[in-house]
Undergrad: 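There's a structure below that I have some questions on.
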Number of protein chains: 2
Amino acid sequence: MARAALSADAVVGIALQLLDEKGPDALTLSAVAGRAGVATPSLYKHVRNLAELRDLMSARIMNDIADQVGQAVLGHSADEAIRALMTAWRHYARHHPHRYAALLHRPEPRTAQAGQRLLDILFATLRAYGMTDSAAIHAVRCLRAVLHGFAALEAQGAFQLPEELDESYELLTHMVITGLHTPTGSPPPPA
Amino acid sequence: MARAALSADAVVGIALQLLDEKGPDALTLSAVAGRAGVATPSLYKHVRNLAELRDLMSARIMNDIADQVGQAVLGHSADEAIRALMTAWRHYARHHPHRYAALLHRPEPRTAQAGQRLLDILFATLRAYGMTDSAAIHAVRCLRAVLHGFAALEAQGAFQLPEELDESYELLTHMVITGLHTPTGSPPPPA
DNA sequence: CGCATCAAGCTAATGGCATTAGCTTCATGG
DNA sequence: CCATGAAGCTAATGCCATTAGCTTGATGCG
């Protein structure tokens, strides 16, 4: 080995810091190199190119979310687990809006692998509702849609009237939990 | 006036066509100019810069969605309107994935104005459920989260097993409709 | 102890892109 | 018939990502 200096992980860390502080438009290799105290081309010793750096960032973000969500559901089950999970997910997106927006959802291997950790958590949580294979898949997709939709919109500042957002999320949580208790084929109750 | 040639609207149209065909990375001013049969700097006579072009594209996309969703709910009410609305929304995202991903949700005036049209449709649809001010705001936010979450994930190819996606969306629709019928404070039913 | 190796850094160069400056042209209104 | 101004052009600038090829210094082996 040569000098133990920069590493791919360190470059990703610096890039994430830059993303947090200055937003996605400021994420350039020059800026990352500047913070790393290195000339721009030196970054190519650790990362194939900007696209790969973005992939690595996305994977790290997905892993962080999996860590936090996984931590949050520990010791909870069923409705309580859903609440904990939804709270933790939103919490991440609120506190790291640029990171959340930088998530890549297309089937890129690195992020997909981290995403699988998250899926495992969702499936495990739904087990408390007695959902089997196919039903669980559909339920997990609905859960993902709800989680991602609210988080993405809030992270991008798409909601106005911020003082009532907690209430809205409470309603959404309620809707999800109710949905998980309602059999698939049941008709809607009368007004 | 001078020669009636290009216009801002035409530039936006060409840009959207390019986005559809070659994806977001291919959207450059050079490429747009090439299709327009014009030198790159000439575009600046119609559009302030690339950022504004993106804003205009986003506004047009939002208006198109509002048109299609608005058309879809015509003549329907309550549950049927929700179904029509959700179907139309997903339909747009499926058929124009790059456009859907290019939507800007931050409060940019042009897109926001188009978004207001869409919000009006959602509020009008919820009126059938007897929702008043605050309740309607929270319900619309939940609806937006559900719609956008599923559409964004599907448009980005985040779901596997494409053959069952219709079923998943059916479940999501069912969950939303059930949620709209369930009073806010009601406890979840027992298993 | 000395040397070959090679990872990690560097400078220089290339090409694409967005953007600006300033010139040209031509349809139109008076 | 001419002045105007919108819409086009070429030329130039500067930033960025990326590649090529050189330099250096720590390390492992003889």
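If you're wondering where the values come from, they're calculated on a predicted model, not measured in any experiment. Below, chain A is the first sequence line, B the second, and so on; all start at residue 1.
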Undergrad: Under 4.5 Å between any side-chain heavy atoms of R144(A) and V140(A), yes or no?
TA: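 A side-chain contact under 4.5 Å exists here.
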
Undergrad: How are the rings of H91(A) and H95(A) set to each other: parallel, tilted or perpendicular (split at 30° and 60°)?
TA: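 Ring orientation, 0 to 90° scale: parallel.
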
Undergrad: Where along residues 28-39 of chain B does a heavy atom fall under 4.0 Å from DNA chain D?
TA: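 Within residues 28-39 of chain B, the residues near DNA chain D are V38(B), A39(B).
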
Undergrad: With a cut-off of 3.5 Å and sequence neighbours excluded, list every side-chain donor-acceptor pair involving residues 98-105 of chain A.
TA:
residue : atom : partner : partner atom : Å
H98(A)  : ND1  : L19(A)  : O            : 3.2
R99(A)  : NE   : D20(A)  : OD1          : 3.1
R99(A)  : NE   : D20(A)  : OD2          : 2.9
R99(A)  : NH2  : D20(A)  : OD2          : 2.6
Y100(A) : OH   : W89(A)  : NE1          : 3.1
Y100(A) : OH   : H148(A) : ND1          : 2.8

Undergrad: So, are E108(B) and R54(B) salt-bridged, with charged N and O less than 4.0 Å apart?
TA: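 A salt bridge is absent here (no side-chain N lies under 4.0 Å from a carboxylate O).
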
Undergrad: Using the six-membered ring wherever Trp is involved, compare the ring planes of Y169(A) and F150(A) and label them parallel, tilted or perpendicular (cut-offs 30° and 60°).
TA: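 Geometry flag for F150(A) against Y169(A): tilted rings.
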
Undergrad: Where do R141(A) and E167(B) land on the salt bridge (Lys or Arg N to Asp or Glu O under 4.0 Å) test, with the steps shown first?
TA: CA-CA 10 Å; R141(A) 282 177 178 159; E167(B) 261 184 75; over 6 Å; no

Undergrad: In residues 41-50 of chain A, which residues come under 4.0 Å of DNA chain C by heavy atom?
TA: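 Residues of residues 41-50 of chain A that come under 4.0 Å of DNA chain C are, in numerical order, P41(A), S42(A), K45(A), H46(A).
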
Undergrad: Using whole Å, report how far CG of L53(B) lies from C1' of dC17(C).
TA: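 Checked: the CG to C1' distance equals 14 Å.
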
Undergrad: Would you check if I61(B) and L16(B) make a side-chain contact, meaning some heavy-atom pair closer than 4.5 Å?
TA: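 Touching, per the 4.5 Å side-chain cut-off.
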
Undergrad: Mind listing the residues from residues 9-25 of chain A sitting with a heavy atom below 4.0 Å of DNA chain C? Number order is fine.
TA: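 DNA chain C contact set from residues 9-25 of chain A: none.
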
Undergrad: Do M57(B) and L27(B) come close enough that some side-chain heavy atom pair is under 4.5 Å?
TA: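 Yes, at least one pair of side-chain atoms sits under 4.5 Å.
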
Undergrad: For DNA chain C, list all stems, counting runs of three or more consecutive pairs where every pair is Watson-Crick or G-U wobble with both distances under 3.5 Å.
TA: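 Output for stems: C:1-30 with D:1-30.
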
Undergrad: Apply side chain to side chain donor-acceptor pair (under 3.5 Å) to the pair Q116(B) and D120(B), showing each step before the final yes or no.
TA: CA-CA 6 Å; Q116(B) 189 61 51; D120(B) 290 344; 3.1 Å; yes

Undergrad: Tell me, do N49(B) and L29(B) make a side-chain contact under 4.5 Å, heavy atoms counted?
TA: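 Side chain of N49(B) against side chain of L29(B), heavy atoms only: no contact under 4.5 Å found.
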
Undergrad: Just grab all the salt bridge (charged side-chain N to carboxylate O under 4.0 Å, His left out) pairs involving residues 148-161 of chain A, residues at least two apart or on different chains.
TA: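 Sorted pair list: R90(A)-E154(A), R94(A)-E154(A).
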
Undergrad: How about L122(A) and V69(A): do any of their side-chain heavy atoms sit closer than 4.5 Å?
TA: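 With C-beta onward as the side chain, the pair stays apart.
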
